[in-house]
Amino acid sequence: MTKQLILVINCGSSSLKFSLINPLSTETILTGLAEQLFTDKATIKIKYKENVKVKNILAPYDHSLAIAILVDELKALGFNDNVAAIGHRVVHGGENYSAPTLITDEVKKIIESLSRLAPLHNPANLMGITACEKAFESLPQVAIFDTAFHQTLPSKAFIYGLPYELYEKHSIRRYGFHGTSHYFVSTEAAKLINKPIEACNFISAHLGNGCSITAIKNGKSADTSLGFTPNEGVMMGTRSGDVDSGIIFYLVNELGYPIDDVNKILNSKSGLLGVSGISNDCRTLEEAMTDEPNCRATLALTVFSYRIAKVIASYTASLSELDGIIFTGGIGENSMLVRKMVISHLQILNFHIDDERNEQARFGQSGNIAANNSRSCWVIPTNEEFVIAEQTQQLLSLNNEGE
Ligand code: ADP
């Protein structure tokens, strides 16, 4: 095998997800996850073919040690010399990055400076970059930004109705997230309808623990529901999505909540978890649903689906044509119930679900779940890791051509 594999790294503050991908053959060779980093329970799980190895990570239980174990494993399997580059998922690229970017000291400084906009994500992404620079000294490292796909938003979609200086001086605007996923599923949908992506118009719904809806006009992001932070738009697993900002002042000024507690409520205690009082997990709520009028699991999924449908309907204002709706993410790919509930609110736009097709499109199966008399409506499993591998490979080929 020649040197053509890309190692994809997705670093969280206490986790590190990785995949070894051949972007040319589209094959995922090895995957894995290091979890509970910075605790004495830190482990790394590496899956290759049918084998799963789990190893403890020793003190100081950090990303570098997880990567060192991964490097040993790659050597043992004979892949180390075949890795051409490392592709990193980086959450926030601000207005600086709209394309895959070769990581240099200057780029790292900018990623660090953008940590103020993504304090939970960019510092963790940088830890992964630093660990990989040490472990793979001679290999190029590429950053793929979650926000990059949304850099095509027109100003009417990214400017808030706030004093303009807040945008100019403090960069307060809509950035959007999940860009890599919306990009992937829209390009896959374009292939399904045999049209060039530049001629396609979709509304894609990425529904996982985090949820976002994107209007895609002529293949480009035209509006998206996550905003300055990943807590705008629809309700999510534990995040509230849109709420009246007056509620925050009421909680603080009238009810005496400390502002940090309000932050926790909005980001970690709301959404499906907050409304149901049971769980943020869609599967658990589906199991707990009853016909009782006060059933909170039913209420949570009803509010969740209605709010998704409202945002989808509102995005027809961003588009002059619509080829169809795309569902993706853990809930979008698997929950027949949520898809059915969402589509039931969109009949006026001529969307109707076919129950049998809806049942078939699960567990990694894509398909059109619309009835024959309906506009198209697809389930497309997302694959952000593949996009990161492919874009890393493309950037390196471009650079090599230019030499
Ligand atoms: P993340 O945003 O953390 O990547 P995922 O995209 O993996 O999350 O989505 C997690 C969500 O997908 C959870 O709410 C989970 O319940 C839901 N989910 C996964 N499988 C199913 C299923 N078979 N039926 C309904 N919901 C599912």
Side-chain angles (χ1 to χ4, degrees), residues 1-13 15-24 28-34 37 44 46 62-75 79-94 96-115 117-118 121-149 151 179-180 183-184 383-403:
M1 191 187 291
T2 52
K3 209 174 168 78
Q4 61 189 33
L5 305 183
I6 306 292
L7 180 63
V8 175
I9 299 284
N10 179 355
C11 244
S13 51
S15 68
L16 190 158
K17 244 183 175 174
F18 50 86
S19 315
L20 185 66
I21 294 178
N22 183 340
L24 300 176
T28 298
I29 294 166
L30 171 149
T31 58
L33 173 69
L37 296 174
I44 181 166
I46 303 176
D62 63 3
H63 295 85
S64 294
L65 282 168
I67 299 261
I69 295 175
L70 173 61
V71 170
D72 285 346
E73 193 59 27
L74 292 177
K75 275 187 192 149
F79 288 127
N80 216 33
D81 294 336
N82 306 119
V83 180
I86 321 290
H88 293 268
R89 174 190 182 214
V90 180
V91 165
H92 220 305
N96 305 70
Y97 298 110
S98 56
T101 303
L102 193 66
I103 299 174
T104 60
D105 287 345
E106 180 60 25
V107 172
K108 280 195 288 180
K109 269 190 211 143
I110 296 175
I111 295 174
E112 190 171 11
S113 74
L114 291 167
S115 291
L117 300 178
H121 294 101
N122 275 28
N125 302 151
L126 269 175
M127 279 194 276
I129 291 169
T130 311
C132 285
E133 280 176 338
K134 260 195 249 156
F136 302 94
E137 228 176 316
S138 58
L139 295 187
Q141 317 265 336
V142 174
I144 311 293
F145 296 93
D146 262 22
T147 47
F149 182 60
Q151 278 298 298
T180 312
Y183 164 79
F184 177 77
N383 193 344
E384 288 154 289
E385 286 77 17
F386 175 70
V387 175
I388 294 174
E390 188 182 52
Q391 295 190 343
T392 298
Q393 191 266 335
Q394 284 166 353
L395 180 75
L396 297 178
S397 319
L398 274 181
N399 283 356
N400 290 342
E401 273 168 27
E403 273 168 12

So, do Val387 and Glu385 sit near enough that their side-chain heavy atoms are less than 4.5 Å apart?
no
Quick one: CG on Asn96 to CG on Leu114, what's the gap to the nearest 0.5 Å?
5.0 Å
N/O donor-acceptor pairs under 3.5 Å from side chains in residues 97-106, not counting sequence neighbours:
{"unit_1": "Thr101", "atom_1": "OG1", "unit_2": "Ala99", "atom_2": "O", "d": "2.8"}
{"unit_1": "Thr104", "atom_1": "OG1", "unit_2": "Glu106", "atom_2": "N", "d": "3.4"}
{"unit_1": "Thr104", "atom_1": "OG1", "unit_2": "Val107", "atom_2": "N", "d": "3.2"}

Distance col, row Leu126:CG vs Ser115:OG, nearest 0.5 angstrom, shows 6.0 Å
Nearest-0.5 Å distance that lies between atom OG in Ser64 and atom CG in Leu37:
10.0 Å
For Ile9, run the side chain to side chain contact (heavy atoms under 4.5 Å, CB included) check against Leu16, Val90, Ile388 and tell me which one passes.
Leu16
Do Lys3 and Asn82 have side chains that get closer than 4.5 Å, going by heavy atoms?
no
Can you tell if the side chain of Val91 reaches within under 4.5 Å of the side chain of Phe145, non-hydrogen atoms only?
no
How many angstroms lie between CD1 in Ile144 and CD in Glu390, if you round to the nearest 0.5 Å?
10.0 Å
Got a donor-acceptor contact below 3.5 angstrom from the Asn10 side chain to the Lys17 backbone?
no
Measure the CD1-OG1 distance between Ile21 and Thr28 for me, rounded to the nearest 0.5 Å.
4.0 Å
Which atom pair, heavy atoms only, marks the closest approach of Glu384 to Thr180?
O-CG2, 3.9 Å
Please enumerate all residues that pass side chain to side chain contact (heavy atoms under 4.5 Å, CB included) together with Ala85, with sequence neighbours excluded.
Ile6, Pro140, Thr392, Leu396
Could you check whether any side-chain heavy atom of Val142 comes within less than 4.5 Å of a side-chain heavy atom of Ile86, counting everything from C-beta outward?
no
Is the backbone N or O of Ala124 less than 3.5 Å from a side-chain atom of His63, with the two atoms forming a donor-acceptor pair by type?
no
So which atom in Ala84 and which in Leu139 form the shortest heavy-atom distance, rounded to 0.1 Å?
O-CD2, 3.8 Å
Please list, chain by chain and in numerical order, all residues satisfying side chain to side chain contact (heavy atoms under 4.5 Å, CB included) with Asn80, sequence neighbours excluded.
Val71, Leu74, Lys75, Phe136
For the residue pair Phe18 and Ile44, establish whether any side-chain heavy-atom pair is separated by less than 4.5 Å.
yes
Would you indicate whether the side-chain heavy atoms of Ile46 and Leu30 approach each other to under 4.5 Å?
yes
Enter the distance from Met127:CE to Asn125:CG here, rounded to the nearest 0.5 Å.
9.0 Å
With sequence neighbours left out, write down each residue that passes side chain to side chain donor-acceptor pair (under 3.5 Å) with Glu112, or none if nothing qualifies.
none
Can you list every pair that meets side-chain hydrogen bond (donor to acceptor under 3.5 Å, both in side chains) and has a residue in residues 126-148, with sequence neighbours left out?
His88-Gln141, Arg89-Asp146, Lys108-Glu133
With sequence neighbours excluded, what pairs up with Gln151 under the side chain to side chain donor-acceptor pair (under 3.5 Å) test?
none
